[in-house]
Every structure is written in C-alpha cells, then in structure tokens.
Amino acid sequence: MKKLAPLLVLLAGILWGCMGIYVRILNAAGLFTMNIVFMRALLTSILLGGSLLLFKRSMLKIRLKDLWCFLGNGICSIVFFNFCYFKAITVTSLSVACILLYTAPIIIMVLAFCLFHEGFTKRKLLALAMTFVGCVLVTGVLNDTGSVTMQGILLGLGAGLGYALYSIFSRFALDRGYHTLTITFYTFLFAAVGAACLTPAGEAIRLGLGNPKAGVTLLLLALAATIIPYLTYTLGLQHMDTSKAGIIASVEPVAATMVGVLLYGEGLSVTGVLGMVLVLTALAICSKE
C-alpha cells in the first residue's frame with residue numbers, strides 16, 4: 001500500500017480539480033458558494049453515514065476525547081477554508097485567491113515539522129518550491145490586473161490554512177486508529193452543521209433537490225468530487241508523510257486548468273504550460289523520495 005499511496009493522493013488531487021464542472025452546472029441552476037458547500041457536506045454525510053449504518057456500524061463509534069479531531073476537520077478545515085476562499089474571490093481576483101490557497105503545502109510542511117517531527121529534506125524543499133512556482137504560473141497571477149488588498153491576502157492565506165488543516169487533523173485521527181471512512185463521515189457531518197449556520201439551509205435544499213439536473217449534479221459532486229477523493233487522500237496519507245501528501249495534492253490546479261482547456265475551450269498560455277510541467281516534475285521528485 002505504501003507504493004500506491006502517492007497515486008491515491010494524486011487521484012484525489014485530480015478529482016478535486018474536476019470540481020469546477022459540477023460547480024458551473026450548479027451555478028446555472030441557482031446554487032452558489034455556501035449553498036453548494038452545505039449541500040455537498042450534507043449529501044456526503046448522508047451517503048457515507050447510511051452506508052456505514054447498514055454495513056459497518058462499528059466504524060461510527062468514536063471516543064469523546066477524540067471529538068476535536070473531527071470537529072477540527074469539519075469546521076476549521078472544510079467550512080473555514082470554503083468561507084475564506086469564496087470570500088477572497090469577492091475582494092480580490094480569482095488567480096490571486098487561488099495562488100494564496102496554494103500556500104497550503106508550505107503550511108502543511110511547517111505544521112507537520114512542529115507537530116509530527118517530519119523532517120525537511122532537500123527533495124521535499126525542492127518539490128515544494130517547484131510546486132509553488134508552478135502554481136503561480138498555472139493560475140496566471142503574474143499577468144493578473146485585479147486589485148490586491150490586505151483583506152484579500154488575509155482571506156487567501158486563511159483559505160490556505162483551512163486547506164492545510166485537513167491533512168493535520170486527519171493525521172491526528174489516523175494516529176488514533178480511526179478508519180478513513182470514519183474520518184470522512186464525521187468531517188462532513190460537522191461541516192454540514194457548520195455550513196448550515198452560514199447559509200439558509202432550507203433554500204439550499206429546495207434549490208438543490210427541486211431541480212432534477214441540480215440533484216443529479218449534487219449527487220455526482222458528493223460521490224466523485226468528495227467521497228472518493230477524500231477517502232483516497234486520507235488512505236494515502238495513512239502511508240506517507242503529511243507534507244509529501246500536501247505537495248502531491250497540488251496537482252489540483254493543473255487538473256482544473258486541463259478541464260478548462262478540454263471542456264470549456266479556455267486558452268492555455270506558455271507560462272501555464274511551463275507551470276504545469278514544473279508541478280508535474282515536482283510530483284515526480286516527491287513520489288520518489
């Protein structure tokens with residue numbers, strides 16, 4: 001399983017990168033930002049919770065003293081990340097918000113060093129630098145003319161912290177012996193509760209389930225862009241360093257860019273191609289460590 005771990009994390013990053021497909025369809029159906037976050041978390045927790053209740057009830061058991069791991073994942077990671085990221089794109093440009101989000105691998109590496117005593121190796125540092133520069137080029141932030149404000153920077157960095165905290169809280173839960181299914185279920189159960197405080201839950205349910213196309217899209221979002229990638233990421237994390245997993249998952253903007261090019265006819269600049277090559281090279285370096 002250790003040899004497959006990088007591939008599992010890579011698969012998660014690619015599936016997350018495809019999320020824009022579902023979001024565009026849902027936007028057209030009238031669902032936006034926190035509506036989607038809430039419905040995604042709600043359906044994910046229902047699907048996973050129902051499956052565990054029917055087939056593996058023992059995985060629903062958690063110790064009260066470990067509750068903070070799952071609350072941290074659901075509230076501090078999923079909800080906080082989404083709130084900061086979506087807020088960031090309203091006060092600064094998408095590319096600036098996106099590149100600040102991808103400070104996450106740096107944050108993961110620092111936190112993993114402090115909390116889990118994971119070392120800084122030359123390969124990791126090289127891969128981290130290449131990944132960050134690659135993400136800068138892929139997102140096109142260097143050509144961006146949008147305004148950069150202190151509020152936008154802080155929200156973008158908050159999104160990066162929230163993104164990073166999933167790896168950290170999941171590592172704590174894994175070290176306490178919890179299964180990936182248990183971690184994913186409770187993460188999204190608490191995320192659904194947290195998101196319900198930030199959006200009219202009734203309206204989100206009405207918009208999501210009242211439209212057959214939106215309902216099917218939400219189901220696919222919960223399965224293909226949430227349950228499967230979070231399970232594969234957490235499973236891969238179980239067999240590799242936290243910081244290494246964070247770097248490999250940074251394939252997400254590359255996947256998102258390719259979705260834009262192949263499905264929506266979006267242009268791809270020379271710097272974008274160079275950025276993708278840098279990210280993919282960094283992943284190769286990281287996976288061989």
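Note that this is a predicted model, so its numbers are computed, not measured. Heads up: numbering here begins at 1 and tracks the sequence. Scope of the values below: all heavy atoms of this structure, side chains included, with no hydrogens, waters or symmetry mates.
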Residues in side chain to side chain contact (heavy atoms under 4.5 Å, CB included) contact with [X], at least two apart in sequence or another chain:
X: Val133; result: Leu137, Leu278
X: Leu189; result: Ser45, Phe185, Tyr186
X: Leu15; result: Leu11, Ile228, Pro229
X: Leu157; result: Leu100, Thr103, Ile153

What pairs of residues pass the ring-ring contact (aromatic ring centres under 6.0 Å, His included) test when at least one of them lies in residues 4-56, not counting sequence neighbours?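 Listed once each, the pairs are Trp16-Tyr230, Trp16-Tyr233.
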Is there side-chain contact between [X] and [Y], with at least one heavy-atom pair below 4.5 Å?
X: Met59; Y: Tyr178; value: no
X: Leu125; Y: Thr121; value: no
X: Leu218; Y: Arg40; value: no
X: Leu26; Y: Leu221; value: yes
X: Pro253; Y: Tyr102; value: yes
X: Asn27; Y: Ile36; value: yes
X: Pro105; Y: Phe132; value: no
X: Met109; Y: Ile247; value: yes

Ser170 side chain to Thr234 main-chain N or O, any donor-acceptor pair under 3.5 Å? no
Is the backbone N or O of Gly246 less than 3.5 Å from a side-chain atom of Ser250, with the two atoms forming a donor-acceptor pair by type?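 Present.
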Report the residues that fulfil side-chain hydrogen bond (donor to acceptor under 3.5 Å, both in side chains) with Thr131, sequence neighbours left out, ordered by chain and then residue number. none
Qualifying residues under side-chain hydrogen bond (donor to acceptor under 3.5 Å, both in side chains), relative to Thr281, sequence neighbours excluded: none
Does any pair with a residue in [range] pass salt bridge (charged side-chain N to carboxylate O under 4.0 Å, His left out), and if so which ones, sequence neighbours excluded?
range: residues 162-177; result: Asp66-Arg176
range: residues 270-284; result: none
range: residues 197-224; result: none

Partner set under salt bridge (charged side-chain N to carboxylate O under 4.0 Å, His left out) for Arg24, not counting sequence neighbours: Glu266
If every non-hydrogen atom of Asn73 is compared with every non-hydrogen atom of Leu165, which pair is closest and at what distance?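 Scanning both residues completely, I find the closest heavy atoms to be OD1-O, 3.7 Å.
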Test log, rule side-chain hydrogen bond (donor to acceptor under 3.5 Å, both in side chains), inputs Glu118 and Thr242: CA-CA 8 Å; Glu118 292 183 8; Thr242 312; 2.9 Å; yes
Listed partners of Phe172 passing ring-ring contact (aromatic ring centres under 6.0 Å, His included), at least two apart: Trp68, Phe116
